[in-house]
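Just so it is clear, the structure is predicted and the values come from calculations on it, not from any experiment. Lettering of chains follows the sequences in order, A, B, ..., and the numbering in each one begins at 1. Note: hydrogens, waters and symmetry copies are ignored here, and every other heavy atom, side chains too, is used.
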Number of protein chains: 2
Amino acid sequence: MKPTTLKDIAIKLNISVTTVSKALKGYSDVSKTTRAAVFEQAEKMNYSPNSVAVNLRTRQTKTIGAIIPTITHHFFSKVIDGIIEEAEKNGYLVIILQSEESVKQEKKLIKLLMNKRVDGILMSLAADNDTSKHLKKVIDAKIPLVLFDKISKISNCSKVVINDREASYNATTLLINSGCRRIAHFRGPLNPQNSIDRYLGYRKALEDNNIEFDRSLIYTCKNVTFEEGYKFAKEIHEQNKDVDAIFAITDLVAVGAIAYLNKAGIKIPDEISVIGFSNWFMSAVISPPLTTVEQPGYKMGKKAVKLLFEEINSSNKGIDFEPKTIVLKTKIIKRKTTFS
Amino acid sequence: MKPTTLKDIAIKLNISVTTVSKALKGYSDVSKTTRAAVFEQAEKMNYSPNSVAVNLRTRQTKTIGAIIPTITHHFFSKVIDGIIEEAEKNGYLVIILQSEESVKQEKKLIKLLMNKRVDGILMSLAADNDTSKHLKKVIDAKIPLVLFDKISKISNCSKVVINDREASYNATTLLINSGCRRIAHFRGPLNPQNSIDRYLGYRKALEDNNIEFDRSLIYTCKNVTFEEGYKFAKEIHEQNKDVDAIFAITDLVAVGAIAYLNKAGIKIPDEISVIGFSNWFMSAVISPPLTTVEQPGYKMGKKAVKLLFEEINSSNKGIDFEPKTIVLKTKIIKRKTTFS
DNA sequence: CTGAAAGCGCTTACAG
DNA sequence: CTGAAAGCGCTTACAG
């Protein structure tokens, strides 16, 4: 009942394991007859090569690891979709792991992946990343590493990102151009780079349009949830702040805000405009449909894998690889929560 | 730059590889001094055990594979969340693969996983499954297999499901109890078991309430998409069918229907009630919020992994394992698209 | 308490 | 064209 091995085939055919191996791998120095016999026998015995043995011998596992905060966010599931597809196309399998937004967990997972001798690692960082020491360990161990979406600027590895600052600048500008002046920003936590960048893009847009920045219009999400969006919108309403627009760090938060505004009977966009970020699936189907920034998750996953393979291939050939950063284009999807 | 091996440590300490291995694994027949020296040296040399070698030797990879139709569906991402978490808790890593609803792809992926010598496989089947021959191969090879959600009834392996027929019966009954009589069913493709079961539950509910079954009220989704929901709702409206409720195979389809009804100015639930299935995240946030059947994805993932480990552990001990089927409870989440 | 030896299932440089 | 041998990095039964 144990799987057939090369040895089993060799014995059956009364030839050496070496020859069986070579025949199966299509080496030219095997006679046609032998090759045919081997293939026939392998088929008959249902031979399936033991990857573990191959991996040990070739020092490649043809497996990569991906660590993301959580798979249940639509954006990340799209990224993973892209990753799996691109990896598989290249004969690689992918192990998915979730950091649950914790660096501590991240460290543990990296260790697991390194023990597993994956050929490369893909990561989108946890929000509480205050260090990148654990990333340095990966880089120092010469394991190809590509960061995407939530990255650490100081780490010396390849990255795939969007221009968060620019995208956020454009989103805010759209609001301004449609007449909004008192624009609240529901920002993300203080650490993550993309949360910072989106905040900065927002401020820059204000500045370039001579709109005074008002700190009291900044709301900071700790967990970037629907509930927080709801809560902050409620606060704005109940405290009678003269806000005419909300720019949320992500669609989930924007949808929470919309839920409150709808409930409170506040007209969108007539009284308050709303713009989100990421273009989650639900954003197109809620009411009113949400104007948002399209963030190309699927493409980001594919690009990250491609970069990773570039690096893996270089290092296989012993060539030094110069880390690259790819910036993906975003665009605004205009729907019904803003005047366009 | 290559990772440290046991041999490296042994040489440094002038002892045998055997002893290093035993010390690291906490065997009792190693002196305290030696053990301490080994640990210190391992730490210093940044030793990380090579799982590939361990796997080859122990004939276990501590890795399982999961094949699902697609990760980007919220339900599946919840299942995967549960799978990864439960697996990790038990020291297992998981390789995720997508069948894209194709049996052909499924076969290919199974082969990959078998070559990889994963310790077990978790699957939710592609919609076009007309055969379970490829599953039989897995079972015959004695690789623990657990099917979930979309299963093949005839396969002799463990399963984790919900009672689709009953859940669907209850959903339809809710519609009937709230006064609906002309209930359209947007069903799934003809092959998948859960699509069949939901259809049968719908019919049974009609029958038990003496409502005549009308074939013209059955719409069959090929791909189970938003667009199909939208299209069928439109058809119903444009053909002036006297329909007072829609029961959709899944929330995505229901949301499509709602989108059309909203657009056409048809009042929900006053003119047409809508009920979905699965409780996708968006269902709570669309307008009106969708009444639906809660399908416990996260729990399903966890349970499937637990069952798989039961089987893996039995087979490690050489005990025969009798496949089990776990039926998870569902409940109806009443929101605003139905009268309750 | 320590270690030599065998072996997991492959691949590949080398000899013939 | 074929095959013996070494080796990838471990674990473990066995001997001392």
Side-chain angles (χ1 to χ4, degrees), chain A residues 1-39 41-42 45-63 91 112 114-119 141 316, chain B residues 1-39 41-42 45-63 91 112 114-119 141 316:
Chain A
M1 209 60 266
K2 271 195 298 183
T4 304
T5 65
L6 291 183
K7 200 174 162 193
D8 297 331
I9 298 176
I11 291 174
K12 201 84 180 179
L13 258 34
N14 230 316
I15 55 178
S16 75
V17 169
T18 304
T19 304
V20 176
S21 172
K22 286 202 269 194
L24 252 15
K25 297 192 71 188
Y27 278 42
S28 58
D29 61 346
V30 178
S31 76
K32 270 199 173 164
T33 355
T34 309
R35 186 200 317 281
V38 168
F39 270 96
Q41 194 58 232
M45 299 177 78
N46 220 334
Y47 175 72
S48 126
N50 184 332
S51 307
V52 180
V54 176
N55 297 342
L56 181 60
R57 181 57 226 237
T58 60
R59 300 162 154 290
Q60 281 192 43
T61 52
K62 292 284 179 181
T63 304
L112 246 36
M114 286 177 72
N115 290 357
K116 195 78 188 174
R117 298 294 188 270
V118 291
D119 295 339
N316 282 350
Chain B
M1 210 59 269
K2 268 196 297 184
T4 305
T5 65
L6 291 184
K7 200 173 160 193
D8 297 331
I9 299 177
I11 291 174
K12 201 85 179 179
L13 259 30
N14 232 315
I15 55 176
S16 75
V17 168
T18 304
T19 303
V20 176
S21 171
K22 285 203 270 193
L24 252 16
K25 296 191 73 189
Y27 277 41
S28 59
D29 62 345
V30 178
S31 75
K32 271 199 173 166
T33 355
T34 310
R35 187 200 315 282
V38 168
F39 269 96
Q41 194 58 231
M45 300 177 78
N46 220 333
Y47 176 71
S48 127
N50 184 331
S51 307
V52 181
V54 176
N55 296 342
L56 181 60
R57 182 56 226 237
T58 61
R59 297 162 156 291
Q60 281 192 40
T61 53
K62 293 282 180 181
T63 304
L112 246 34
M114 288 177 71
N115 290 357
K116 195 78 187 174
R117 297 293 189 269
V118 291
D119 294 338
N316 283 349

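Helical stems in DNA chain D, defined as runs of 3 or more consecutive Watson-Crick or G-U wobble pairs with donor-acceptor distances under 3.5 Å: C:1-3 with D:14-16, C:5-12 with D:5-12, C:14-16 with D:1-3.
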Starting from the C-alpha separation in whole Å, work towards a yes-or-no answer on side chain to side chain donor-acceptor pair (under 3.5 Å) for B/Thr63 and B/Arg117. CA-CA 8 Å; B/Thr63 304; B/Arg117 297 293 189 269; over 6 Å; no
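Of the two residues contacting DNA chain C, namely B/Leu56 and A/Asp29, the nearest-nucleotide position lying further toward the 5' end is that of B/Leu56. With the nearest nucleotide of DNA chain C identified for both B/Lys22 and A/Val17, B/Lys22 has the one nearer the 5' end.
Residue contacts for B/Val52: at a heavy-atom cut-off of 4.0 Å it reaches no nucleic acid atom on any strand shown. At a threshold of 4.0 angstrom between heavy atoms, the contacts of B/Thr19 include nucleobase atoms, whether or not backbone atoms are also involved. Note on A/Thr18: a base of the nucleic acid sits closer than 4.0 angstrom, heavy atoms only. Contact annotation for A/Ser51: no contact, since no heavy-atom pair falls under 4.0 Å across all strands.
The interatomic distance linking A/Lys25 (NZ) with C/dG9 (C1') rounds to 13 Å, in whole Å. If you take NZ of A/Lys116 and C1' of D/dG9, they are 15 Å apart, rounded to a whole angstrom. As rounded to whole Å, 16 Å separates atom P of D/dG3 from atom NZ of A/Lys7. One interatomic measurement links the two molecules: NZ of B/Lys32 to C1' of C/dT2, which rounds to 19 Å at whole-angstrom precision. The distance between atom CG of A/Leu24 and atom P of C/dT12, rounded to the nearest whole Å, is 13 Å. Following rounding to the nearest Å, A/Lys2 (NZ) and C/dC8 (C1') show an atom-to-atom distance of 9 Å. A/Leu6 places its CG atom 15 Å from the C1' atom of D/dC8, with the value rounded to the nearest Å.
Across D/dA4, C/dT2, C/dC10, the shortest atom-to-atom separation from the side chain of A/Ser16 is found for D/dA4. Closest approach to the A/Ser31 side chain among D/dC10, D/dC1, D/dA4 is made by D/dC1 (side chain taken as heavy atoms from C-beta onward). Relative to the side chain of B/Ile15, the nucleotides C/dC1, C/dG3, D/dT12 differ in distance, and C/dG3 lies closest.
Put simply, the side chain of B/Val52 reaches to within 4.5 Å of the side chain of A/Thr61, judged on heavy atoms. Residues A/Lys62 and A/Val54 fail the side-chain proximity criterion, which asks for heavy atoms closer than 4.5 Å.
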Solution key, residues 24-33 of chain B side-chain donor-acceptor pairs under 3.5 Å, sequence neighbours excluded:
| residue | atom | partner | partner atom | Å |
| --- | --- | --- | --- | --- |
| B/Asp29 | OD2 | B/Lys22 | NZ | 3.4 |
| B/Ser31 | OG | B/Thr34 | N | 3.1 |
| B/Ser31 | OG | B/Thr34 | OG1 | 2.5 |

